[in-house]
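Just so we're clear, the structure is a prediction, and the values are computed from it rather than from any experiment.
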Amino acid sequence: MGDLVLCEVLQGLRSDAGARLVQRALSRYQPVTVCSPELAVQAAANYRFLRSRGITIRKTVDLIIGTFCIERGHRLLHSDRDFEPMERLLGLQTA
C-alpha cells in the first residue's frame with residue numbers, strides 16, 4: 001500500500017478510533033514510498049500534458065498516485081474523478 005494512499009484513506013475517517021481500526025486492518029500490506037524525485041518530475045510532466053488538453057487535476061497527491069501506478073504498471077481502485085482523465089489520456093489502469 002502506498003504511503004500517500006494510506007494517508008488519504010486515514011484522513012477520510014471521522015474518528016481516531018475508526019482510523020486506528022482501519023490502520024490495523026491495512027497494516028498487513030507492505031508499505032511503499034510513492035514519490036521519488038524522478039516520479040515527481042514525471043508527475044509534473046503529466047500535469048502539464050493534461051493541462052495542455054484543458055484538464056486540471058485538482059489535487060497533487062492524486063497526480064502523484066496516478067503517475068506511480070502508471071509508471072509501475074499497477075491498477076488503481078478509486079472513486080475520484082481526478083483519475084478519469086489519467087485513465088483516458090495517460091493509460092492509467094483501474095481495478
Side-chain angles (χ1 to χ4, degrees):
M1 164 158 292
D3 53 357
L4 295 178
V5 174
L6 179 61
C7 180
E8 291 263 289
V9 169
L10 294 177
Q11 76 184 16
L13 297 162
R14 294 181 187 259
S15 71
D16 288 342
R20 283 190 298 275
L21 181 66
V22 170
Q23 184 178 3
R24 265 194 303 272
L26 295 176
S27 69
R28 66 178 159 158
Y29 297 103
Q30 180 69 31
V32 176
T33 300
V34 172
C35 199
S36 66
E38 296 79 18
L39 194 107
V41 169
Q42 184 60 50
N46 288 345
Y47 180 85
R48 290 190 309 275
F49 173 80
L50 294 171
R51 242 344 248 272
S52 74
R53 307 282 180 295
I55 300 163
T56 302
I57 302 300
R58 298 172 298 144
K59 294 184 269 176
T60 300
V61 70
D62 289 347
L63 187 69
I64 291 169
I65 291 168
T67 300
F68 175 85
C69 290
I70 292 165
E71 294 298 309
R72 299 282 180 94
H74 297 301
R75 292 184 173 274
L76 179 65
L77 177 63
H78 73 88
S79 63
D80 187 323
R81 66 183 171 141
D82 274 340
F83 293 110
E84 292 170 9
M86 290 184 237
E87 289 176 56
R88 284 192 329 270
L89 299 170
L90 299 173
L92 175 64
Q93 298 294 308
T94 57

Check: Val34 main-chain N/O paired with Asp3 side-chain donor or acceptor under 3.5 Å:
yes
Does the Thr67 side chain pair with the main chain of Ile64, one donor and one acceptor, at a distance under 3.5 Å?
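No; judged by distance alone, with no hydrogens or angles, the pair does not exist.
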Spatial distance of atom [atom1] ([X]) from atom [atom2] ([Y]) [nearest 0.5 Å]:
{"X": "Gln42", "Y": "Phe49", "atom1": "CD", "atom2": "CZ", "result": "11.0 Å"}
{"X": "Leu63", "Y": "Met86", "atom1": "CG", "atom2": "CE", "result": "5.0 Å"}
{"X": "Leu39", "Y": "Ile70", "atom1": "CG", "atom2": "CD1", "result": "9.5 Å"}
{"X": "Ile55", "Y": "Asp82", "atom1": "CD1", "atom2": "CG", "result": "10.5 Å"}

Can you check whether [X] reaches [Y] side chain to side chain, under 4.5 Å on heavy atoms?
{"X": "Thr56", "Y": "Leu50", "answer": "no"}
{"X": "Tyr47", "Y": "Thr60", "answer": "no"}
{"X": "Arg51", "Y": "Ile57", "answer": "no"}

Flag yes if more than 12 heavy atoms outside Arg58 fall under 6.0 Å of its CZ atom; otherwise flag no.
yes
Donor-acceptor pairs under 3.5 Å, side chain of residues 4-19 to any protein atom, not counting sequence neighbours: which ones?
unit_1 : atom_1 : unit_2 : atom_2 : d
Glu8   : OE2    : Gln11  : NE2    : 3.4
Ser15  : OG     : Gly18  : N      : 2.9

For residues 87-95, tabulate all N or O donor-acceptor pairs below 3.5 Å that involve a side-chain atom, not counting sequence neighbours.
unit_1 : atom_1 : unit_2 : atom_2 : d
Glu87  : OE2    : His78  : NE2    : 2.9
Gln93  : NE2    : Gly91  : O      : 3.4

Residues in side chain to side chain contact (heavy atoms under 4.5 Å, CB included) contact with Arg24, at least two apart in sequence or another chain:
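By the side chain to side chain contact (heavy atoms under 4.5 Å, CB included) rule, Arg24 matches Arg20, Leu21.
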Report whether Val61 and Val41 are members of the same hydrophobic cluster (ILVMFWY, side-chain heavy atoms less than 4.5 Å apart, transitive linking).
no
